[in-house]
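Let me begin by presenting the structure, written as structure tokens, before commenting on it.
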Amino acid sequence: MWQRVREDIDGVFARDPAARSRFEIALTYPGIHAIWWHRLAHALWGWRLRLLARLVAGLGRWLTGIEIHPAAKIGRRFFIDHGMGVVIGETAEIGDDCTLYHGVTLGGTHWSAGKRHPTLGDGVVIGAGAKVLGPIVLGDGVRVGSNAVVLKDAPAGATLVGIPARIVGRRPEISAQQARIAERLGFDAYGMAQDMPDPVAEVVDRLLDHVQAADERLMALTQRVRALQEATGLAQDADVGQEDRPLPSLAGCHLADDEQAIGCPTPDSGTEKQA
């Protein structure tokens with residue numbers, strides 16, 4: 001028992017940078033206290049002392065703000081950070097080294113008896129406010145973003161975000177021109193870490209790719225038209241020179257910035273044109 005207690009504390013100390021000492025963790029972390037209350041309640045449940053187990057679980061909920069059904073199966077080094085509002089259902093199963101943040105629900109979607117709560121593999125991390133509902137399985141190393149609602153199984157190593165949650169893959173490598181366009185817009189999604197996907201950023205990434213492809217296609221089409229005019233001796237359009245005008249500059253444009261408003265500077269603000 002003392003080995004498991006020490007293991008719990010060491011697991012929190014390794015994952016929470018705010019922890020300053022193991023003694024502090026043991027005394028002040030409600031996530032640790034909830035696990036310890038649950039182990040007692042789970043043992044009583046296994047001994048078929050169901051009412052007493054529910055009373056112990058209720059006491060733990062009252063003291064910590066974390067509700068764990070006595071029948072739930074929880075692995076080693078489980079960490080509930082902050083913890084307030086966490087709910088873990090009766091048939092939930094949690095692997096080793098998993099982490100839950102406040103407001104997480106491992107709940108069911110129907111009233112039928114039997115398996116109706118999620119199963120988490122080892123090393124799963126579920127962000128604050130996320131809901132994982134139904135008898136689904138999240139593989140080892142799955143990451144669930146804050147406030148996501150997960151309703152389907154997820155393979156090992158997947159990252160899920162959104163409502164309903166969808167698997168978000170890794171971003172592809174980008175060209176130097178794509179990076180320059182993103183830099184002009186003040187948009188830094190390309191520089192995000194691979195394990196920090198953002199659906200909105202993905203949409204903007206594709207818009208930038210589309211704009212780049214459209215510009216290249218239009219330029220190639222213009223060159224072919226000029227070559228055809230020269231080859232056939234046809235007169236060029238009177239406004240052909242306008243095709244060579246520089247494109248409007250993206251300098252000063254911002255999609256999101258803490259200090260500057262979203263948008264672009266007005267034409268009379270003195271911003272120079274650039275190709």
Side-chain angles (χ1 to χ4, degrees), residues 4 7-8 11 30-160 163-167:
R4 292 291 297 274
E7 189 178 66
D8 293 335
I32 284 288
H33 301 159
I35 295 302
W36 293 343
W37 281 111
H38 170 70
R39 285 189 184 147
L40 175 58
H42 186 69
L44 294 171
W45 188 272
W47 297 334
R48 297 187 179 277
L49 301 174
R50 304 295 170 82
L51 178 59
L52 184 57
R54 294 302 297 265
L55 290 174
V56 171
L59 178 61
R61 177 181 181 274
W62 182 71
L63 292 173
T64 65
I66 299 170
E67 181 173 345
I68 308 176
H69 194 282
K73 299 178 181 179
I74 299 178
R76 305 170 74 96
R77 297 175 296 278
F78 179 50
F79 177 33
I80 304 176
D81 198 3
H82 302 293
M84 182 62 68
V86 168
V87 177
I88 301 176
E90 177 184 7
T91 61
E93 299 179 36
I94 301 175
D96 298 336
D97 301 300
C98 292
T99 302
L100 271 59
Y101 290 85
H102 52 281
V104 169
T105 298
L106 303 183
T109 55
H110 57 79
W111 296 93
S112 304
K115 179 65 172 174
R116 59 188 185 279
H117 297 97
T119 297
L120 310 185
D122 297 339
V124 174
V125 178
I126 302 181
K131 315 301 178 188
V132 184
L133 306 177
I136 62 177
V137 178
L138 304 186
D140 296 346
V142 166
R143 300 291 187 267
V144 178
S146 297
N147 295 317
V149 178
V150 184
L151 302 174
K152 297 181 180 180
D153 295 349
T159 298
L160 300 99
I163 303 175
R166 294 178 175 83
I167 296 175

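Treat the numbers as computed from the prediction; the structure is a model and nothing was measured. Count residues from 1 along the sequence.
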With a 4.5 Å cut-off on side-chain heavy atoms, are [Y] and [X] touching?
X    : Y    : answer
H69  : H117 : no
I126 : V150 : no
L52  : W47  : no
D122 : D97  : no
T64  : H38  : no
L100 : F78  : yes
I74  : C98  : no

To the nearest 0.5 Å, tell me how far [X] [atom1] sits from [Y] [atom2].
X    : Y    : atom1 : atom2 : value
L106 : I94  : CG    : CD1   : 5.0 Å
I68  : I88  : CD1   : CD1   : 4.0 Å
I66  : H33  : CD1   : NE2   : 10.0 Å
L151 : R166 : CG    : CZ    : 10.0 Å
I163 : K131 : CD1   : NZ    : 10.0 Å
T99  : D81  : OG1   : CG    : 8.0 Å

Quick one: do Y101 and V125 satisfy side chain to side chain contact (heavy atoms under 4.5 Å, CB included)? Show the steps, please.
CA-CA 8 Å; Y101 290 85; V125 178; 4.0 Å; yes
Of all heavy-atom pairs between [X] and [Y], which one has the smallest distance, and what is that distance?
X    : Y    : result
R50  : W45  : NE-O, 3.0 Å
V144 : A148 : CG1-CB, 3.9 Å
G134 : T109 : N-CG2, 3.7 Å
A130 : G145 : CB-O, 3.7 Å
A158 : I167 : CB-CG2, 4.1 Å
V142 : A156 : CG2-CA, 4.4 Å

Keeping the roles fixed (side chain from R143, backbone from G141), state whether a donor-acceptor pair exists under 3.5 Å.
yes
Would you say R116 has more than 12 foreign heavy atoms packed within less than 6.0 Å of its CZ?
yes
Please indicate whether K115 has more than 12 foreign heavy atoms, meaning atoms of other residues, nucleotides or ligands, lying under 6.0 Å from its NZ.
yes
Under-4.0 Å salt bridge between R76 and D96
no
Pair R77 + E7, salt bridge at N-O below 4.0 Å
yes
Kindly determine whether E93 and K73 satisfy salt bridge (Lys or Arg N to Asp or Glu O under 4.0 Å), including the steps that lead there.
CA-CA 5 Å; E93 299 179 36; K73 299 178 181 179; 5.0 Å; no
